[in-house]
Amino acid sequence: FGPALTKAMLVPILDYAMSPRWPYGYAPHDLGTYPHATGQVYGMGGKDGDRMPVEESGNMLIMLAALGKQEGNADFVKPYWRMLTKWADYLVKEGLDPQNQLCSADMFGHLPRNANLALKAIIGIGGYAQLCEMAGHPDEAKRYLAIARDYATKWQELARDDGRTRLAYHLPGTWGMKHNLIWDRVLGLNLFPTSVGDAEIAWYLKMQRKYGLPVDNRTDTSLIDWALWSIAPARSDADFQALLDPIWRYANETPSRVPLS
């Protein structure tokens, strides 16, 4: 909604990632601990998976693709092109079936083969394909879009469970929010059929609680941003309202001094 603000938020991350301070082939998680932008702090003492590499590389490519779509060109990203290609290639290598990595729901710890995280990677690859098209690289655009489509088909098989998709590929009988699915529609990639979102919405209607939808089958905790993104694919106003009402009820009834904690 605000391309100028989006650029202002992204430039420091992009410039940091281009600098010698960041030696990794994936996007950084942070610039430091506020107010000191002296380099990433989160996860730097551990392994790659502690730094959320699939999460953050997918986030950056999705945001940059959305920015390009809004502006109608990829001029903004051209100085960073080689780095973006490196991030897209990282997602091609690691994104379909992620290793034991953290995602932004880090309070639940590492999870290998995370289906929602893989969604972000696949859509990130598709977003990079869109950037290639806008930047005048049609052959590369076709190649990365073909990979994203292939991965989307494979994802549906890997994540399939009874009436919904799994939390992780190797965990039958599980489920989790698929908040990353909405970015497929926001970017207009259409990598995943609407039936995937329809099945998730029907499942969420069965699983939600008094104050909203739990993040997954392991917890009673919800994340409001994730919940809103997860219910956004609802194509029926009645379904969307039924999923939104508990979140409104939470904000209206609970005594937390933080309105949307």
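Predicted model, so just to flag it, every value in this text is computed and none were measured.
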Counting C-beta onward and ignoring hydrogens, is there a side-chain heavy-atom pair between Leu228 and Leu244 closer than 4.5 Å? yes
Grouping I, L, V, M, F, W and Y whenever their side-chain heavy atoms are under 4.5 Å apart, do Val54 and Leu64 come out in a common cluster? yes
Check: Arg51 side chain, Gly46 main-chain N or O, donor-acceptor pair, under 3.5 Å: yes
Test log, rule side-chain contact (heavy atoms from CB on, under 4.5 Å), inputs Asp216 and Met177: CA-CA 6 Å; Asp216 57 52; Met177 288 182 179; over 6 Å; no
Decide whether Tyr24 and Val41 are clustered together by the hydrophobic rule: side chain heavy atoms of Ile, Leu, Val, Met, Phe, Trp, Tyr closer than 4.5 Å, transitively. no
Report yes or no: do Trp248 and Leu223 belong to one cluster of Ile/Leu/Val/Met/Phe/Trp/Tyr joined by side chain heavy-atom distances under 4.5 Å? no
Can you get from Trp226 to Leu260 by hopping between Ile, Leu, Val, Met, Phe, Trp and Tyr side chains that sit under 4.5 Å apart? yes
Ile62 CD1 to Lys69 NZ distance, which is reported to the nearest 0.5 Å: 13.5 Å
Treating Glu133 as the side-chain partner and Ala141 as the backbone partner, does any N or O pair qualify as donor plus acceptor under 3.5 Å? no
Can you find a heavy atom in the side chain of Asp184 that is under 4.5 Å from one in the side chain of Val196? no
Could you walk me through whether Leu111 and Cys103 pass the side-chain contact (heavy atoms from CB on, under 4.5 Å) test, one step at a time? CA-CA 8 Å; Leu111 179 65; Cys103 68; over 6 Å; no
Would you kindly say whether Glu253 and Tyr211 are connected by a side-chain donor-acceptor distance under 3.5 Å? yes
Indicate yes or no for a side-chain donor-acceptor contact from Ser57 to the backbone of Ala27 under 3.5 Å, with no hydrogens or angles considered. yes
Quick one: do the Lys178 and Ser230 side chains pair a donor with an acceptor below 3.5 Å? no
So do Tyr16 and Gln40 actually touch side chain to side chain, heavy atoms under 4.5 Å? yes
Taking C-beta and beyond as the side chain, do Phe76 and Leu14 meet within less than 4.5 Å on heavy atoms? yes
Kindly compute the distance separating CG (Asp106) from NE2 (His29), expressed to the nearest 0.5 Å. 6.5 Å
Min side-chain heavy-atom separation Trp22-Leu31 under 4.5 Å: no
Side chain Gln130, main chain Gly126, donor-acceptor under 3.5 Å: no
Determine whether more than 12 heavy atoms belonging to other residues, nucleotides or ligands lie under 6.0 Å from atom NZ of Lys7. yes
Would you say Thr174's side chain and Leu167's backbone share a donor-acceptor pair under 3.5 angstrom? yes
Separation between OG1 of Thr165 and CG of Leu119, rounded to the nearest 0.5 Å: 7.0 Å
More than 12 foreign heavy atoms under 6.0 Å from CZ of Arg21: is that the case here? no
Of all the heavy-atom pairs spanning Met134 and Gly72, show the shortest one and how long it is. SD-C, 4.4 Å
Has the side chain of Asn114 got a donor or acceptor atom that lies under 3.5 Å from a matching backbone atom of Ala168? no
Assess whether a salt bridge exists between Glu56 and Lys120, defined as any Lys/Arg side-chain N lying under 4.0 Å from an Asp/Glu carboxylate O. no
Backbone N or O of Pro233 within a donor-acceptor pair of the Arg185 side chain at under 3.5 Å? yes
Using a 6.0 Å cut-off, check whether atom CH2 of Trp81 has over 12 heavy atoms from anything other than its own residue. yes
Before accepting this row, confirm whether a basic side-chain N of the pair Lys78/Asp75 lies closer than 4.0 Å to the acidic partner's carboxylate O. yes
Donor-acceptor pair, distance only, cut-off 3.5 Å: does the side chain of Asn180 make one with the backbone of Asn116? yes
Residue pair Thr85 / Tyr128, side-chain donor-acceptor N/O under 3.5 Å: yes
Of all heavy-atom pairs linking Ile182 and Ala232, the shortest is CD1-CB, 3.7 Å
Students often mix this up, so state it plainly: with edges at 30° and 60°, are the rings of Trp155 and Phe192 parallel, tilted or perpendicular? perpendicular
Donor-acceptor pair, side chain of Ser256 and main chain of Val258, under 3.5 angstrom: yes
Would Lys86 and Asp89 pass as an ion pair if we require N to O under 4.0 Å? no
How many angstroms lie between OH in Tyr144 and CG in Leu131, if you round to the nearest 0.5 Å? 12.0 Å
Can you tell me how the ring of Tyr26 sits relative to the ring of Tyr90, calling it parallel under 30°, perpendicular over 60° and tilted otherwise? tilted
Could you grab the distance from atom CG of Leu67 to atom CG of Leu10, nearest 0.5 Å is fine? 7.0 Å
Could you check whether Gln241 and Asp237, counting side-chain N and O atoms only, form a donor-acceptor pair closer than 3.5 Å? no
Are Lys47 and Asn100 close enough, and set up right, to give a side-chain contact (heavy atoms from CB on, under 4.5 Å), and what steps lead you there? CA-CA 10 Å; Lys47 299 176 181 177; Asn100 197 30; over 6 Å; no
Closer than 4.0 angstrom, basic N to acidic O: yes or no for Lys154 and Glu157? no
Ring geometry between Tyr204 and Trp175 (parallel below 30°, tilted from 30 to 60°, perpendicular above 60°): tilted
Gln208 vs Leu243, side-chain contact (heavy atoms from CB on, under 4.5 Å): CA-CA, chis, key distance, verdict: CA-CA 8 Å; Gln208 70 173 350; Leu243 289 161; 3.5 Å; yes
Side-chain donor-acceptor pair present, Asp50, His110, cut-off under 3.5 Å: yes
Between Pro214 and Arg209, what is the shortest heavy-atom contact and its length? CG-CG, 3.9 Å
Is it possible for you to say whether Tyr42 and Phe108 belong to one hydrophobic cluster, with membership spreading through side-chain heavy-atom contacts below 4.5 Å? no
Gln99 CD to Lys93 NZ distance, which is reported to the nearest 0.5 Å: 8.0 Å
Would you find a donor on one side and an acceptor on the other, under 3.5 Å apart, between the side chain of Arg164 and the backbone of Asp162? yes
Do Leu145 and Leu191 touch side chain to side chain, with heavy atoms closer than 4.5 Å? yes
Heavy-atom side-chain proximity of Tyr151 to Val92 below 4.5 angstrom: yes
Quick one, Pro53 and Gln101 - any side-chain contact, counting heavy atoms below 4.5 Å? yes
Work out which heavy atom in Ala115 is nearest to a heavy atom in Arg166; give both atom names and the distance. CB-O, 3.3 Å
Nearest non-hydrogen partners of Ile122 and Leu96, listed with the distance: CD1-CD1, 4.2 Å
